[in-house]
Amino acid sequence: MHAIWFLAFLPVFLIVLYIKPSPKKSIKGKHVVIIGGSSGIGRSTARVAAKTGAHVTIMARNKDKLEETKKYLNSQLRSNEQIITTVSVDVSNYEDLEKCLNDVELEIGPIYMLINCAGLAICGNVEDFSLQQIKQLVDINFLGSLYSVKAVVPKFKERQEGIIVLTGSQVSLMGMFGYSVYSSTKFALRGLAESLYMEVKPYNISVTLALPPDTDTPGFENENKTKPLETKLISEVGGLVDPDVVAERLMQDALTGKFFSYVGMESFILTTLCTGMSPFKRIIDVLVESALLGLLRIISAFYITSFESIIKKCKSEKEASNKEKSN
Ligand SMILES: NC(=O)c1ccc[n+]([C@@H]2O[C@H](COP(=O)([O-])OP(=O)(O)OC[C@H]3O[C@@H](n4cnc5c(N)ncnc54)[C@H](OP(=O)(O)O)[C@@H]3O)[C@@H](O)[C@H]2O)c1
Ligand SMILES: *[C@@H]1O[C@H](CO)[C@@H](O)[C@H](O)[C@H]1NC(C)=O
Ligand SMILES: *[C@@H]1O[C@H](CO)[C@@H](O)[C@H](O)[C@H]1NC(C)=O
């Protein structure tokens, strides 16, 4: 009899355990640095930090965009004691970046949270990239993230606290037509984030890797201009997410110490499918993931097949139109 009751309540118990909120750290009155904070996802994240009562430093290259965002953030403050600071720096220059991070600590106070959103996407067939474009993507997306981590980790370790957020993408977990270069830089961030997680966990420092879907930002608008037809056709089903939604989620996940931060059902499926050896916070999440993995792999086969058929169709259409032209 007891066994039956137990079995009946087990699913309810597991669901309660699954949706139970995790304890959340607070950034009120703390110093939050957002690299790439003058536009798109970084700007929205800076807004969340400002609304929550943090001292916010935004870093990026363009001074006008920084000033404009500072004005915007000043209109979002929770108390008049908060300080908003702007720093113009190129994240791909290690010496400059390290100096700026040191200077702003002296000015505002110890950095409690570092969020790196600086990045860009260029799409295209691998052979069409100039060497300069390849270098730019590696320098900003990968090296910039690594540099920011290298510069703050010693301070965080010494203080035995801190939160680090890196911004990957859905193509940190899967390859996609047109993203050979971009996706490589974003896969690299997963290796960086997973290794770093292990190194800094004993020092009470957390690492979160954000995996935004297509998000409505100036960066996305630029990326859109370089997308091959195949990439457009494959990714158009997803739609565009508001950067404020991505930013709220990112902050929530980082403050509860979740490793992956993502938005929406498709990203949940992809992240679950690609969990691999990634770190976990709760056993219940591991149970849910392992229950879903087998089925999700089968579903993925349908997606992959449909992507491949889109690509094949584009190739035949291109060849037919080329033939017509040459006739
Ligand atoms: N939007 C999407 O659909 C999407 C999806 C997945 C992942 N992501 C990732 O999310 C991040 C933000 O994307 P977004 O769409 O919000 O881009 P965005 O609107 O173009 O904003 C990028 C920010 O990074 C700064 N930045 C760029 N290069 C820099 C450099 N070398 N040094 C310092 N700052 C630099 C930019 O300012 P300056 O140009 O003035 O330096 C700007 O503040 C990127 O890593 C992107 O790959 C975006
Ligand atoms: C870990 O860091 C949090 C703030 O992020 C702090 O409140 C807590 O006291 C720290 N714990 C230890 C053991 O240092
Ligand atoms: C992306 O480009 C296509 C044209 O190639 C256009 O129809 C679409 O509106 C663009 N989307 C965004 C968000 O800029």
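We number each residue from 1, following the sequence as shown. For clarity, every value in this text was computed on a predicted model and none was experimentally measured.
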Donor-acceptor side-chain pairing of [X] and [Y] below 3.5 angstrom:
{"X": "T85", "Y": "E107", "value": "no"}
{"X": "Q170", "Y": "S267", "value": "yes"}
{"X": "N222", "Y": "K225", "value": "yes"}

(message) Between I163 and F260, is there shared hydrophobic-cluster membership here, with clusters defined by ILVMFWY side-chain heavy atoms closer than 4.5 Å?
(response)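 No, no single cluster joins them.
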Which atom pairs, donor and acceptor, lie under 3.5 Å between side-chain atoms of residues 243-256 and protein residues at least two apart or in another chain?
unit_1 : atom_1 : unit_2 : atom_2 : d
D244   : OD1    : S44    : OG     : 2.7
E248   : OE2    : K51    : NZ     : 3.4
R249   : NE     : D253   : OD2    : 3.3
R249   : NH2    : D253   : OD1    : 3.1
Q252   : OE1    : K24    : NZ     : 3.2
D253   : OD2    : S261   : OG     : 2.8
T256   : OG1    : Q252   : O      : 3.0
T256   : OG1    : D253   : O      : 3.2

(message) Suppose clustering is done on Ile, Leu, Val, Met, Phe, Trp and Tyr with side-chain heavy atoms closer than 4.5 Å. Which residues sit in the same group as I283?
(response) F280, V286, L287
(message) Are there over 12 heavy-atom neighbours, none belonging to L131, within less than 6.0 Å of that residue's CG?
(response)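 Not more than 12 within 6.0 Å, no.
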(request) Not counting sequence neighbours, list each pair that qualifies as a side-chain hydrogen bond (donor to acceptor under 3.5 Å, both in side chains) and has a residue in residues 202-212. (result)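 Matches after skipping sequence neighbours: none remain.
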(message) Among residues at least two apart in sequence or on other chains, which ones pass side chain to side chain donor-acceptor pair (under 3.5 Å) with R282?
(response) D285
(message) Looking at Y303, is its backbone amide N or carbonyl O close enough to the side chain of S306 to form a donor-acceptor pair, meaning the two atoms are under 3.5 Å apart?
(response)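 Checking the backbone N and O of Y303 against the side chain of S306, a donor-acceptor pair under 3.5 Å is found.
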(request) Output all residues satisfying ring pair (Phe, Tyr, Trp, His ring centres under 6.0 Å) with Y179, sequence neighbours left out; order by chain, then residue number. (result) Y182
(message) Per the ring pair (Phe, Tyr, Trp, His ring centres under 6.0 Å) rule, what does the pair list look like for residues 19-48, sequence neighbours excluded?
(response) none
